[in-house]
Every structure is written in C-alpha cells, then in structure tokens.
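A short worksheet on the structure shown next.
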Amino acid sequence: MTESIWFWVGFLALVAVLMAFDLGLFNRGSKHIDAKKAIRMTIVWISIAVLFGIFVLFTLGTDKAIEFYTGYIVEESMSIDNLFVFILIFSFFKIPDDYQHKALYYGIFGALIFRAIFIFAGAELMERFDIVIYIFGIILLIAALKTIFKKSGEEEENKMAIWLSKVFKTSPELDGDKFFTRVDGKLIMTPLLLCVIVIELSDVIFALDSIPAVLAISTDTFIVYTSNIFAIMGLRSLYFTIKESMKSLRFLNYGLGIILAFVAFKLLTEKFIEIPVLASLLVIITVLAITVILSLKFKEPATQSSDVKE
C-alpha cells in the first residue's frame with residue numbers, strides 16, 4: 001500500500017513539474033506555436049511517456065508496461081479524433097492561434113480531475129459488478145458504429161457552444177488572453193474562458209468513450225490514469241503539429257471505429273476468449289498504421305470548381 005501511494009505521489013509531482021515547465025518556461029506568454037516547435041514538443045512528450053513506460057517495466061513488470069503502452073496508444077489515437085472538435089470550437093469562438101495553447105493548457109486541469117473520477121469509478125464498478133463489463137462493451141460498440149458512420153463536417157459540438165454562449169454572459173470580444181474583463185464596470189468572462197469550458201465539457205463527453213476503451217486493456221487504476229494523462233498532456237503539442245494535415249486523414253474515423261469495435265469485442269467475450277494485451281497492442285498499432293498509409297495513398301480528391309458551374 002505504501003509503495004502504491006508513493007507511486008501516485010511521484011506521478012502527480014512529475015505532472016506538476018512538467019506542466020510548470022511547459023507553460024512557465026517553454027511556452028511563456030501567448031504566442032503562435034509553429035509547426036517545428038510543436039513537432040519538437042510532441043517528440044518530448046512521447047519520449048517522456050516512453051521513459052515512464054520503462055519505469056513501469058522495471059518497477060511493476062512486463063505485463064504492466066505493455067498495458068501502459070497499449071492504453072497510451074489507444075488514448076492518443078482516439079484523441080486525434082478529438083482534435084477536430086478543438087478546431088471547431090476555436091473557430092466558433094474566433095480564438096486566434098496565439099491564445100489556443102493557453103486554452104488547451106488550462107483545459108488539462110479539469111481533465112486531471114474528471115479522468116480520475118471516471119477511471120476510479122469505472123474500475124471499481126467493473127471489479128464489483130460483472131454486468132458493467134458488458135455495459136461498457138455495448139457503449140464501445142455503439143461508439144464504434146457512430147465513429148465509422150460519422151458524417152464529415154458534423155458540428156454537434158458547436159451546438160453546445162451556441163447554447164453556453166446564451167447561458168453565460170460574456171464580453172462581445174476578446175481582451176487579449178484574459179479570462180475576465182470589465183464591461184460597463186462589471187467583471188464578466190471573456191469568450192476565451194467560455195471556450196475553455198466548452199473544451200472541458202467536450203473532453204468529458206469524449207472520456208465516456210475513451211475511458212471504457214482503456215479499462216478494457218487494464219483495470220489497474222494507476223496504469224489507466226497515467227496512460228490517459230500522458231496522452232492528454234501531449235495532445236496540445238500534437239494539435240499544433242498535425243493541425244493542417246488532419247483533414248488529409250480521410251480514413252481516420254474508420255480506423256478508430258475498428259479499434260473501438262475490437263476493444264468492445266475484447267470486453268464482451270473476455271469470459272470465453274482470452275486476448276493477450278500484447279496481441280491487443282499489435283492489433284491497434286497495425287490498424288493505425290494501415291489507416292495512415294491508406295489516408296496518405298488515397299487522398300480525398302479536391303473539389304472541382306467546374307462542379308458548381310451552370
């Protein structure tokens with residue numbers, strides 16, 4: 001028990017230090033994150049996750065390390081789909097590139113809390129009630145079908161943004177990168193803060209699919225939580241790295257749908273078929289690789305202007 005507590009204390013301390021370095025040193029102030037810097041930071045975050053996996057390997061064993069890496073890859077790959085949501089949200093609130101990093105940075109604080117609640121509650125329910133496993137499996141299966149047959153350009157998240165913009169009184173314009181400003185002597189929130197709230201709510205909705213998927217890999221709360229948080233922390237730099245190229249991943253929803261369907265199958269049949277974690281990892285990596293290769297090889301044809309001519 002003591003060892004487990006120190007693992008948690010050490011991890012949370014590591015997260016605090018990394019976040020302090022991220023915003024306080026490397027990305028101080030509001031500024032545009034160019035592709036080169038984003039790539040460097042993405043490599044750094046992935047390297048940190050890999051090193052943490054090695055730490056897990058030497059302290060908790062090979063099986064736990066494989067579970068960590070599998071959970072990390074599942075969460076990171078599913079997070080790519082969430083990046084499209086970020087684009088829609090930033091576009092709706094007209095948040096310039098200079099302030100987007102700050103919005104994503106503060107969004108992680110809520111994610112740290114909500115992910116912990118979902119993970120601990122989900123793991124506890126799975127341990128106590130066998131039926132929860134099948135409920136999660138059905139949720140993932142529905143999510144898989146929804147992901148595969150999702151219409152391009154769907155903007156459901158904008159509906160939430162529109163509704164919240166009516167509920168909360170905000171300033172008509174941004175005031176730099178401030179979350180609050182004064183209008184007619186009254187202190188009110190800016191669109192940037194409302195944008196952070198919408199991002200947070202979208203992450204909660206996203207977690208309803210991603211958390212059961214990772215819990216299907218492992219029910220060890222330390223492994224599930226750490227893999228989730230490392231994926232989320234690297235999501236911001238990944239966003240700026242592939243922001244312009246995300247639209248070219250035309251088969252991404254099919255790949256993610258297949259992964260979700262596979263994890264759902266793993267959950268629903270675990271009483272009858274034992275699928276090793278290493279096999280799950282190989283399946284997920286293979287599906288992602290095929291998805292990217294096909295997306296790059298068969299790019300979506302550009303819309304021809306002649307199509308709209310009389």
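Within the structure, salt bridge (Lys or Arg N to Asp or Glu O under 4.0 Å) contacts touching residues 218-229 (residues at least two apart or in different chains) are Lys64-Asp220. Pairs of residues two or more places apart, or lying in two chains, never qualify as salt bridge (Lys or Arg N to Asp or Glu O under 4.0 Å) while including a residue from residues 43-60.
The heavy-atom pair separating Leu174 from Pro96 by the smallest distance is CD1-CD, 3.6 Å. Shown here for Leu193 and Phe179, the closest heavy-atom pair between the two residues is CB-O, 3.6 Å. A pairwise comparison of heavy atoms in Ile284 and Val74 identifies CD1-CG2, 3.2 Å as the closest pair. For the pair Pro191 and Glu173, the tightest heavy-atom approach, listed with the atom from each and the gap, is CD-O, 3.6 Å. What you find for Ile95 and Tyr99 is that their closest heavy atoms are CG2-CB, 3.9 Å.
Under a hydrophobic-cluster definition in which Ile, Leu, Val, Met, Phe, Trp and Tyr are linked whenever side-chain heavy atoms come within less than 4.5 Å, directly or via other members, Phe93 and Val183 are assigned to different clusters. Residues Ile39 and Leu104 fall into different hydrophobic clusters, defined by Ile, Leu, Val, Met, Phe, Trp and Tyr side chains chained together at heavy-atom separations under 4.5 Å. Note on Phe262: it does not cluster hydrophobically with Leu141, by side-chain heavy-atom contacts below 4.5 Å among ILVMFWY residues. Residues Ile48 and Val224 fall within the same hydrophobic cluster, defined by Ile, Leu, Val, Met, Phe, Trp and Tyr side chains chained together at heavy-atom separations under 4.5 Å. Linking Ile, Leu, Val, Met, Phe, Trp and Tyr residues whenever their side-chain heavy atoms come within less than 4.5 Å places Leu12 and Phe120 in a single cluster.
No donor-acceptor pair under 3.5 Å is formed between the side chain of Gln100 and the backbone N or O of Phe90. Looking at Thr190, its side chain does come within 3.5 Å of a backbone N or O of Lys178 through a donor-acceptor pair. Tyr69 contributes a side-chain N or O that, together with a main-chain N or O of Val50, makes up a donor-acceptor pair within less than 3.5 Å.
Atoms CZ and CD1, from Phe7 and Ile223 in turn, are 9.0 Å apart once rounded to the nearest 0.5 Å. The CD1 atom of Ile135 sits 11.0 Å away from atom CG of Leu268, with the distance rounded to the nearest 0.5 Å. Atoms CZ and CG, on Phe180 and Leu192 in that order, are 11.0 Å from each other to the nearest 0.5 Å. To the nearest 0.5 Å, atom CD1 of residue Ile229 and atom CZ of residue Arg115 are 7.0 Å apart. Annotation: the span from Asp63 atom CG to Leu57 atom CG amounts to 10.0 Å, rounded to 0.5 Å. A distance of 6.5 Å separates CD1 in Ile188 from OG1 in Thr170, rounded to the nearest 0.5 Å.
Using a 4.5 Å heavy-atom threshold, the side chains of Phe265 and Ile273 count as touching. In this structure, Trp45 and Thr42 have side chains that are not in contact, with every pair of non-hydrogen atoms separated by 4.5 Å or more.
Asp175 pairs by the side chain to side chain donor-acceptor pair (under 3.5 Å) definition with Thr181, not counting sequence neighbours.
Within a 6.0 Å sphere centred on CD1 of Ile131, heavy atoms belonging to other residues, nucleotides or ligands number 12 at most.
Using cut-offs of 30° and 60° for the angle between ring planes, the Phe68 and Phe230 rings count as perpendicular. Between Trp8 and Phe11, the angle of the ring planes goes over 60°, which puts this pair in the perpendicular group of the 30/60° scheme.
Paired with Thr70 under the rule side-chain contact (heavy atoms from CB on, under 4.5 Å), one option of Val214, Ile285, Ile217 passes, and it is Ile217.
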